[in-house]
There are 2 protein chains.
Amino acid sequence: MGRIGLTTDRLVRAGAELADEVGFEQVTASALARRFGVKVASLYSHVRNSRDLKARIALLALEELADRAASALAGRAGKDALTALADVYRDYAREHPGRYDASRFRLTPEEAVAGAGRRHSEMMRAVLRGYDLTGPEQTHAVRLLGSVIHGYVSLELAGGFSHSAPDPQESWSWTLDSLDTLLRTRAAR
Amino acid sequence: MGRIGLTTDRLVRAGAELADEVGFEQVTASALARRFGVKVASLYSHVRNSRDLKARIALLALEELADRAASALAGRAGKDALTALADVYRDYAREHPGRYDASRFRLTPEEAVAGAGRRHSEMMRAVLRGYDLTGPEQTHAVRLLGSVIHGYVSLELAGGFSHSAPDPQESWSWTLDSLDTLLRTRAAR
DNA sequence: ATCATTTGCCTAAAGCATATAGGCAAATTA
DNA sequence: TAATTTGCCTATATGCTTTAGGCAAATGAT
């Protein structure tokens, strides 16, 4: 049988697609090999092991998210920037639930730093620069913002808000609105 | 070899302990059997399968959490109740990380309703009754509150805030303070 | 163009988790 | 004490992970 041209990159991208289709948990070396019509052992020349594969998918998702966030933030400030950033995460999670789950994969500190981890927190800080917060408060706000976004997105994704009025979109708008008010109030304090 | 008195209940409780020790992901029928010094197949008389075991651990965690929340809320109102409830989740997650993860296990709607799911949302609503919110706003607030608590706790648990100043406890207080202010403002609007 | 080297995918095999079937002895009930 | 139920067992099948070693295709050197 000829070679079909596996590469780490193709595996990772296919893994990301698989994650969106069947869930990040179900992304397995076996399933991936099956998808490429190849024997499992063949993957091990391209990824170290199963954990490595998942970590790479996580890094891919984080990069994609950071790219989207960077575009969304360009030319925006204040509440506009806040909602743009928050929407990036929420939209990404709805379009790519498996990848979003992947982005929550617990990476080692080195992996996270080498990857897009830093870009994400810098963008959060950039958004918050639009609200005049003092040093420690800025960190509190970064943490709050991260918590609200991740918390909302993951509860919504898990189906926590489904089949109940009002529409989750309304709650989302209300939440971002509240967050904006809150941050402005804190700044003015 | 004689019988050692396995029951579904003992398995689930041991599974919860195992989760706290090695992580909810690593809770496996094999590991549990090993812990009881019993063959794996023996567990299958007490739990339907691996997923069933995990779901039962999830339900246990949700009940424990609901019990703690109920005690914590007794005799409290307003901000006092808000922080008490939030602290219950955060403290539980720190004391029992595996169980907390378990409580996020995706249950079927029936399982969730039969279990403590309803108690939790009712307690959230009870806390929010202390802030005079109109109908739909109350739901928005329930969702916001759930998002902030779950988001903060899970980011903190994942190590997102570790090794960076200021102390996560400060951000937590600041967050709850902000949330209280926010809800009072919304109510007064 | 040919030979040497590297590389990619293969087969084989071991380890461990899930799950089912069927058996025997201990516990329970009559 | 006999009959029945129940609890844990062995045996077995299936699936995912991972390593070792092999052969042929691709690549590079002369």
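So that the names make sense, note that chain A is the first sequence line, chain B the second, and so on, each numbered from 1. Since the structure is predicted, the reported quantities are computational estimates derived from the model, not experimental observations. Quick note: numbers below take in every heavy atom, side chains included, and nothing from hydrogens, waters or symmetry partners.
Between Glu63(B) and Arg99(B) there is no salt bridge, since no side-chain N of the basic residue sits under 4.0 Å from a carboxylate O of the acidic one. Note on Arg35(B) versus Glu21(B): salt bridge recorded, some NZ/NE/NH1/NH2 to OD/OE distance being below 4.0 Å. Between Asp177(B) and Arg186(A) a salt bridge is recorded (basic side-chain N to carboxylate O distance below 4.0 Å). Salt bridge annotation for Asp67(A)-Arg119(A): present, with a cationic side-chain nitrogen under 4.0 angstrom from a carboxylate oxygen.
Aromatic rings from Tyr89(A) and Tyr152(A) are positioned such that their centres are separated by 6.0 Å or more.
Contact check of residues 34-41 of chain B against DNA chain D (heavy atom, cut-off under 4.0 Å) returns Val38(B), Lys39(B), Ala41(B). Near DNA chain D, meaning a heavy atom under 4.0 Å away, the residues from residues 47-57 of chain A are Asn49(A), Ser50(A). A heavy atom closer than 4.0 Å to some atom of DNA chain D occurs in Thr28(A), Ala29(A), Ser30(A), these being the qualifying members of residues 24-33 of chain A.
Taking atom CG of Leu6(A) as the reference point, atom P of dC9(C) lies 4 Å away to the nearest angstrom. Rounded to a whole Å, the CZ atom of Arg3(B) is 14 Å from the P atom of dT5(D). Separating the OH atom of Tyr44(B) from the P atom of dC9(D) is a distance of 14 Å, rounded to the nearest angstrom.
Taking 4.0 angstrom as the limit, His46(A) places a side-chain polar atom (N or O) nearer than this to OP1 or OP2 of dC9(C). At least one side-chain nitrogen or oxygen of Ser42(A) sits closer than 4.0 Å to the OP1 or OP2 atom of dC10(C).
Judged by distance alone, the side chain of Thr8(A) and the main-chain N or O of His46(A) form a donor-acceptor pair under 3.5 Å. With Ser154(A) contributing its side chain and His150(A) its backbone, the two residues share a donor-acceptor pair below 3.5 Å.
The side chain of Ile4(A) approaches dC9(C) more closely than any other nucleotide in the set dC9(C), dT17(D), dT20(C).
Between the side chains of His140(A) and Thr175(B), no donor-acceptor pair of N or O atoms lies under 3.5 Å. Between the side chains of Gln169(B) and Arg90(B), at least one donor N or O sits under 3.5 Å from an acceptor N or O.
Between Leu32(A) and Thr28(A) there is no side-chain heavy-atom pair separated by less than 4.5 Å.
The CG atom of Leu6(B) sits 7.0 Å away from the OG atom of Ser42(B) when rounded to the nearest 0.5 Å.
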